[in-house]
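In what follows, a structure is listed as structure tokens, so that the remarks can point back to it.
For clarity, every value in this text was computed on a predicted model and none was experimentally measured. Order of listing sets the numbers, starting from 1, for every ligand and every atom in it. Just so you know, residue 1 is the first one in the sequence shown, and it goes up from there.
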Amino acid sequence: MIKLSSRLSAVFDQVAAARNGIGPGRVLDVGSDHGLLAVSCLENEIANEAICTEIHQGPADHSKEALAEAGFEDVSNVFVTDGLDGIPLKKGDIVVIAGMGGLNIIDIVSRCMKNETPDILKDVRFVIQPQKSVNLVRKFFAENGFVFEDESVCTDRDFFYNVMRMRFTGTPYELGAYKECYGVLLPGKEAEGDPLVKSYFAHLDEVFEIRSRSDMVVRQALEERKQNEDK
Ligand SMILES: C[S@@+](CC[C@H](N)C(=O)[O-])C[C@H]1O[C@@H](n2cnc3c(N)ncnc32)[C@H](O)[C@@H]1O
């Protein structure tokens, strides 16, 4: 069995949770790099087929080798493409986009949405782990009609990472500054005393204090947070 880093384990856990909601299907790992997540999903029967996509040939070859070595050549495919270009989605698919910048993720999902019908999108789950621009990613998904089924936080080599599990409903909505910056579900987890979310928010408070000097959305979010604490 492949051993995943704590960041990829957190991604894997959200894929497993997404699978419970939609029955059997494929996992599509966009930017699969070494193919570890795809192998792990097949090993643990979280997916009956794995599709890996890679923008570069080298990592695509690594993914292909890892899948073949683990004995999954017949139930996997690796494509060199940008995001999901040329890969039609199917009901029951779980799309994973992990370890990439938020703007790249937004670009990939925007293009995917143009190519898919709402009917298909409603039966697909998206597991998203942005390396940066997390607030923009949350805003994008809300404004494009996705609900947050879950969001988790993990640490890996002293960095915090967020993993979001998203479901398309087709009804867009506004999050507002606070939820864009602190998340839709994480404040509830903080209120319940989740130690990891508490330390993540303490870290965010510090980062946002500096960023609020030049970023109005962050400034609004911090003000709202302080108002909530005073209540
Ligand atoms: C930092 S690695 C993360 C790999 C893996 N998803 C993870 O979370 O560990 C990002 C990978 O995404 C690939 N990538 C970046 N942009 C991409 C795009 N638009 N479409 C497909 N792959 C992309 C890169 O080549 C690289 O292998």
For K139 against L175, the heavy-atom pair lying closest together
N-CD1, 4.0 Å

Using distance only, find each side-chain donor-acceptor pair of residues 43-54 under 3.5 Å and give its atom names and separation, not counting sequence neighbours.
unit_1, atom_1, unit_2, atom_2, d
E43, OE1, I2, N, 3.0
N44, ND2, S40, O, 2.8
T53, OG1, G83, O, 2.8
E54, OE1, H56, N, 3.4
E54, OE2, S32, N, 3.4
E54, OE2, D33, N, 2.9

Amino acids in close contact with ligand 1, where any non-hydrogen atom sits under 4.0 angstrom away
R7, L8, G31, D33, E54, I55, H56, P59, T81, D82, G83, A98, G99, M100, N104, I108

Where at least one partner belongs to residues 165-176, residue pairs that pass salt bridge (Lys or Arg N to Asp or Glu O under 4.0 Å), sequence neighbours excluded
E149-R165, E149-R167, D150-R165

What I'd like to find out is whether the side chain of R225 reaches to under 4.5 Å of the side chain of F201, using heavy atoms alone.
yes

Does the R138 side chain pair with the main chain of A142, one donor and one acceptor, at a distance under 3.5 Å?
no

Those residues that, when tested against K114, pass salt bridge (Lys or Arg N to Asp or Glu O under 4.0 Å) (two or more places apart)
none

